[in-house]
Amino acid sequence: MSQTWWRGAAIYQVYLRSFADGNGDGIGDLAGLRSRLTYLKDLGVDAIWLNPWYPSPMADGGYDVADYRDIEPVFGTLEEAEAFIAEAHELDIKVIIDVVPNHSSTESAWFKEALADRRARDRFWFRDEPDNDWRSIFGGPAWTQVADGQWYLHLFAPEQPDFNWDNPDVHREFEDVLRFWFDRGVDGFRIDSAALLFKSADGYEDLDGVHDVYRRWREVADEYGGRVLIGEVWLPDQERFARYLRPDELHTAFNFDFLSCPWEPAALRRVIDLTLATHTPIGAPPTWVLSNHDVTRPVTRYGRADTAFEHGGRLHGAPSDLELGYRRARAAALLAMALPGSVYVYQGEELGLPEVEDLPDEVRQDPMYARSGGTNPGRDGCRVPLPWSGDGPPFGFGPVPRTDAEAGAAAPWLPQPESWRKLTAEAQAGDLGSMLNLYRSGLALRRDLLGDGTLTWLPSAADVLAFTRDSGLACVTNLGRTPAPLPPGRVVLSSGPLDEGELPPDTTAWVLPPGSEA
C-alpha cells in the first residue's frame with residue numbers, strides 16, 4: 001500500500017466494547033476483534049479505526065483516559081494490542097487509534113498528583129473561582145469543585161478534566177504518546193475534539209494555538225512515513241475547517257456536514273460541492289461519513305420525516321419507516337463510496353442495523369443521559385453489540401461455547417433486540433441481496449474504480465445526483481419520487497432492483513461506459 005494510502009482508503013470504525021467478545025464477559029475486547037479480522041478483510045476495508053482502548057474508568061466510554069500508554073484490562077493487554085496490529089498488517093489492513101488530547105481522567109496519575117499538590121495543577125485548568133459560566137457539552141456546569149475549594153474545568157463530564165495546553169508538559173506528553181504507538185506499528189491517529197484544546201476569555205473552539213500543535217504532530221508523523229493524522233473537527237465555517245488540512249497540519253478531517261445532511265438532493269449536492277471546493281485547493285482528500293459511535297444510525301434516520309442529524313436527541317423516538325430508511329441507507333452507502341476521497345464505515349452499518357431507541361433507562365451508560373436529567377437519551381442506541389449469528393441474543397457476540405462455563409457467559413453490556421435475528425452477519429452472508437453483500441461488492445469495486453481522484457457532474461434532473469469518476473464509472477442517485485433514466489453503459493452495481501432499465505426512487509446505481517472492460 002502506498003505512502004498516501006489514506007487518500008482513498010475505506011476505513012472501518014470499531015467500537016471495541018460492542019464489536020466482538022472474546023472471553024465471555026459481555027464486553028467486546030481485543031480477542032474478539034482478532035477473531036473477526038478475516039471478516040473485515042472479506043468486507044474489503046483498508047484500515048481499522050478503534051475508539052479509545054486505554055485504561056479508563058469508562059465514565060465516557062473510554063474517552064476519559066487514565067493512561068495513554070497501556071490497554072484497558074477489560075479489552076486485553078498491551079501484548080495483545082501489538083499482536084492485533086501485526087495480524088492486521090499481515091492482512092494488509094492499517095490500524096488507526098484514537099488519541100484524546102483535550103482532556104484526561106480524574107483517575108490519571110497527573111490529576112491525582114494535582115489533587116495532592118497544588119503546585120502540580122498547572123497541567124489542568126484549576127481556579128479559585130470559575131472564570132466563566134461555561135456549560136458542559138454533556139449538560140450541566142463545566143466547572144467542578146475539589147475538596148480544598150478550588151475548581152477545575154471540564155468541557156465534557158466531571159471525570160474528564162481539561163488539559164492546559166499553555167503548559168509545555170502537555171505538549172511533550174502527547175508527542176511522546178504519538179511516538180509510543182507509532183513505534184508499535186500504529187498507522188495513524190484520529191484526534192478527538194481536535195479544535196478544542198486551547199481556552200481563552202473568548203471561548204475554546206478553534207483558537208489559533210491549536211494549529212501549532214498539529215504542525216508539530218505532523219513533523220512527528222512524517223518521521224515515520226506513511227502515517228496519518230485525522231481530525232474530529234466540528235466547525236460550521238468551511239474556510240476555518242480547511243486550515244486544519246494545510247500541507248503541514250492534519251492529513252484529513254471528518255466531514256460532518258455530509259454526515260448531518262438530510263436526504264435531499266439540493267442539500268447533498270451543496271455539501272458535496274462545498275466539500276470539494278474546500279479540499280481541492282489545498283490538495284487534501286475529502287472524507288465521507290454516514291455515521292459513527294455518536295450518531296443515530298442511517299436506517300433509522302433516513303426513515304424519518306426529518307432525515308438530518310443533530311446532537312441533543314431532539315428526534316429520538318420520532319416515527320421512522322425502517323423499510324424506507326433501509327432502502328435509502330443502501331443508496332447512501334453507494335453514493336458515499338463513489339465520492340472522491342476516503343470513506344468510513346461504522347460497525348453495523350454494513351449489516352443495516354437500525355438505532356435501538358427503546359433501551360431501558362437503567363441500562364443506559366452514556367453521560368449525556370445522566371447529565372441531561374434524562375432529556376437527552378444519549379448515544380447508547382448506536383452502540384449496542386453487533387449480531388454475528390444465531391436466532392436470539394447474544395447473537396454470537398461472545399465466544400462459541402465449548403464448556404458449560406462458557407455456555408453461561410455474561411449477557412452483552414447493552415441488550416440486543418430480538419428482531420436482529422434477520423440482520424446477523426451469518427444470516428446475510430449467503431443472501432446476495434443483503435446489505436452485507438452490497439457493502440462487500442461496493443468496497444471491492446471501489447478499490448479498483450474509485451477512491452482518490454476527481455468528480456465531474458453529469459446533466460440530470462433536479463432530484464437526481466449524477467457524476468462520473470476518473471475511471472469512467474458513473475454514479476447516479478435518484479432522490480425523487482419517479483424513476484430516473486440511467487446513462488448508457490453497463491450497470492455493475494445498484495442498491496436496489498431497477499425498474500425496466502430505469503433507476504427507482506431512493507436508489508443508487510454504478511454504470512460503466514459502453515465498451516469498458518473493467
**Item:** Side-chain touch Leu274/Ile272, heavy atoms, less than 4.5 angstrom
**Value:** no
**Message:** Parallel, tilted or perpendicular, judged at 30° and 60°: which one describes the rings of Trp53 and Trp181?
**Reply:** tilted
**Message:** If you apply the rule salt bridge (charged side-chain N to carboxylate O under 4.0 Å, His left out), what do you find for Arg190 with Asp192, and how did you get there?
**Reply:** CA-CA 6 Å; Arg190 177 266 193 185; Asp192 181 68; 3.1 Å; yes
**Gap separating the CG atom of Asn51 from the CG atom of Asp98, nearest 0.5 angstrom** = 5.5 Å
**Complete:** Rounded to the nearest 0.5 Å, the CG atom of Leu443 sits from the CG atom of Asp46 at a distance of 8.5 Å
**Val74 backbone acceptor or donor facing Glu72 side chain under 3.5 Å** = yes
**Request:** Taking all non-hydrogen atoms of both residues into account, name the closest pair between Val299 and Gly352 and its distance.
**Result:** CG2-O, 3.6 Å
**Item:** Contact list for residues 6-33, test salt bridge (charged side-chain N to carboxylate O under 4.0 Å, His left out), sequence neighbours left out
**Value:** Arg7-Asp452
**Message:** Measuring only between side-chain heavy atoms, which start at C-beta, is Glu355 closer than 4.5 Å to Arg301?
**Reply:** no
**Asked** Quick one: does Leu268's side chain get under 4.5 Å of Leu465's, heavy atoms only?
**Response** yes
**Message:** Show, in sequence, the C-alpha distance, side-chain angles and deciding distance for Asp248 and Glu219, and conclude whether the side chain to side chain contact (heavy atoms under 4.5 Å, CB included) test is met.
**Reply:** CA-CA 8 Å; Asp248 61 345; Glu219 291 175 0; over 6 Å; no
**Asked** If you look at every heavy atom in Val233 and Ala195, which pair is closest and at what distance?
**Response** CG1-CB, 4.4 Å
**Prompt:** Do Gln150 and Arg121 have a side chain donor and acceptor closer than 3.5 Å?
**Reply:** yes
**Prompt:** Do the side-chain N and O atoms of Asp273 and Trp457 include a donor-acceptor pair separated by under 3.5 angstrom?
**Reply:** yes
**Request:** Give a yes or no on whether the backbone of Leu386 and the side-chain of Gln416 come within a donor-acceptor separation of less than 3.5 Å.
**Result:** yes
**Asked** Which residue, Arg218, Arg215, Arg216, forms the salt bridge (Lys or Arg N to Asp or Glu O under 4.0 Å) with Glu249?
**Response** Arg215
**Request:** Take Leu33 and Leu40 through the side chain to side chain contact (heavy atoms under 4.5 Å, CB included) test and state the conclusion after the steps.
**Result:** CA-CA 10 Å; Leu33 173 57; Leu40 296 177; 4.2 Å; yes
**Message:** Would you call the rings of Trp234 and Phe256 parallel, tilted or perpendicular, taking 30° and 60° as the class edges?
**Reply:** parallel
**Asked** Should we count CG of Asp133 as having more than 12 external heavy atoms under 6.0 Å?
**Response** no
**Asked** Just by modelled atom types, is the Ile96 backbone N or O under 3.5 Å from a matching donor or acceptor in the Asp187 side chain?
**Response** no
**Request:** Ignoring hydrogens and angles, state whether a donor on the side chain of Asn102 or Gln160 is under 3.5 Å from an acceptor on the partner side chain.
**Result:** no
**Asked** Are the charged groups of Asp176 and Arg179 less than 4.0 angstrom apart, N to O?
**Response** no
**Prompt:** Without hydrogens or angle criteria, can the side chains of Glu349 and Ser291 be said to hold a donor-acceptor pair below 3.5 Å?
**Reply:** yes
**Asked** Ion pair present between Arg119 and Asp117, side-chain N to carboxylate O less than 4.0 angstrom?
**Response** yes
**Item:** Heavy-atom pair with the smallest gap, counting every atom of Tyr39 and Leu351
**Value:** OH-CD2, 3.8 Å
**Item:** Phe189 ring center within less than 6.0 Å of Trp6 ring center
**Value:** no
**Asked** Distance only, no hydrogens: is a donor on one side chain within 3.5 Å (strictly under) of an acceptor on the other, for Gln365 and Asp380?
**Response** no
**Request:** First locate atom CG of Asp237, then atom CG of Asp206, and finally report the distance between them rounded to the nearest 0.5 Å.
**Result:** 8.0 Å
**Asked** Below 6.0 angstrom between ring centroids: does that apply to Trp165 and Trp125?
**Response** no
**Message:** Treating Tyr302 as the side-chain partner and Pro262 as the backbone partner, does any N or O pair qualify as donor plus acceptor under 3.5 Å?
**Reply:** no
**Message:** A side-chain contact here means heavy atoms from C-beta on lying under 4.5 Å apart; do His154 and His103 qualify?
**Reply:** no
**Item:** Closest heavy-atom pair and its distance - Leu37, Ile48
**Value:** CD2-CD1, 3.7 Å
**Message:** Determine whether the aromatic ring centres of residues Tyr204 and Trp134 are separated by less than 6.0 angstrom.
**Reply:** yes
**Test: Lys199 and Asp162 ion pair at under 4.0 Å** = yes
**Asked** Is the side chain of Tyr214 donor-acceptor paired with the backbone N or O of Ala194 at a distance under 3.5 Å, no angle test?
**Response** yes
**Prompt:** What class does the angle between the rings of Trp288 and Phe258 fall in, given that below 30° is parallel, 30 to 60° is tilted and above 60° is perpendicular?
**Reply:** perpendicular
**Message:** Could you check whether Asp183 and Tyr224, counting side-chain N and O atoms only, form a donor-acceptor pair closer than 3.5 Å?
**Reply:** yes
**Asked** So, for Tyr12 and Tyr346, is the gap between ring centers shorter than 6.0 Å?
**Response** no
**Message:** Within this structure, what is the CD-CD distance for the pair Glu175 and Glu173, rounded to the nearest 0.5 Å?
**Reply:** 10.5 Å
**Prompt:** With a 4.5 Å heavy-atom cut-off, do Ser320 and Arg304 have their side chains touching?
**Reply:** yes
**Message:** Cation-pi check for Trp151 against Arg127: NZ or CZ below 6.0 Å from the six-membered ring centre and within 45 degrees of the axis, yes or no?
**Reply:** no
**Item:** Side-chain donor or acceptor of Glu232 paired with backbone N/O of Phe254 under 3.5 Å
**Value:** no
**Prompt:** Are the side chain of Ser18 and the backbone N or O of Arg383 linked by a donor-acceptor pair below 3.5 Å?
**Reply:** yes
**Prompt:** Just checking, any donor-acceptor pair under 3.5 angstrom between side chains of Trp143 and Ser136?
**Reply:** no
**Asked** Do the non-hydrogen side-chain atoms of Ile71 and Thr77 ever get within less than 4.5 Å of each other?
**Response** no
**Asked** Is any side-chain N of the basic residue among Asp148 and Arg118 closer than 4.0 Å to the acidic one's carboxylate O?
**Response** yes
**Fill in**
Rounding to 0.5 Å, atoms CG (Leu115) and CD (Glu113) come to a distance of 10.5 Å
**Request:** Find the distance between OH (Tyr344) and CG (Leu259) and round it off to the nearest 0.5 Å.
**Result:** 12.5 Å
**Asked** Between Tyr63 and His293, is any side-chain donor less than 3.5 angstrom from a side-chain acceptor?
**Response** yes
**Asked** Trp110 versus Asp169: any side-chain heavy-atom pair under 4.5 Å?
**Response** yes
**Asked** Any side-chain donor-acceptor pair under 3.5 Å between Asn255 and Thr287?
**Response** no
**Request:** Indicate the atoms forming the closest heavy-atom contact of Glu159 with Asp64, along with that distance.
**Result:** O-CB, 4.0 Å
**Prompt:** Can you check whether Thr106 reaches Pro161 side chain to side chain, under 4.5 Å on heavy atoms?
**Reply:** yes
**Item:** Arg123 side chain vs Asn167 backbone, donor-acceptor pair below 3.5 Å
**Value:** no
**Message:** Any side-chain to backbone donor/acceptor pair from Gln3 onto Gly226? Under 3.5 Å, distance only.
**Reply:** yes
**Asked** Name the one of Phe126, Tyr152, Phe124 that satisfies ring-ring contact (aromatic ring centres under 6.0 Å, His included) with Phe163?
**Response** Phe124
**Asked** Relative to Phe467, does Arg469 satisfy both conditions: NZ or CZ under 6.0 angstrom from the six-membered ring centre, and within 45 degrees of the ring's axis?
**Response** no
**Request:** Might you point out which heavy atoms bring Gly28 and Phe397 nearest each other, and give the distance in Å?
**Result:** N-CZ, 3.5 Å
**Request:** Could you tell me whether the side chain of Arg364 and the main chain of Asp361 form a donor-acceptor pair under 3.5 Å?
**Result:** no
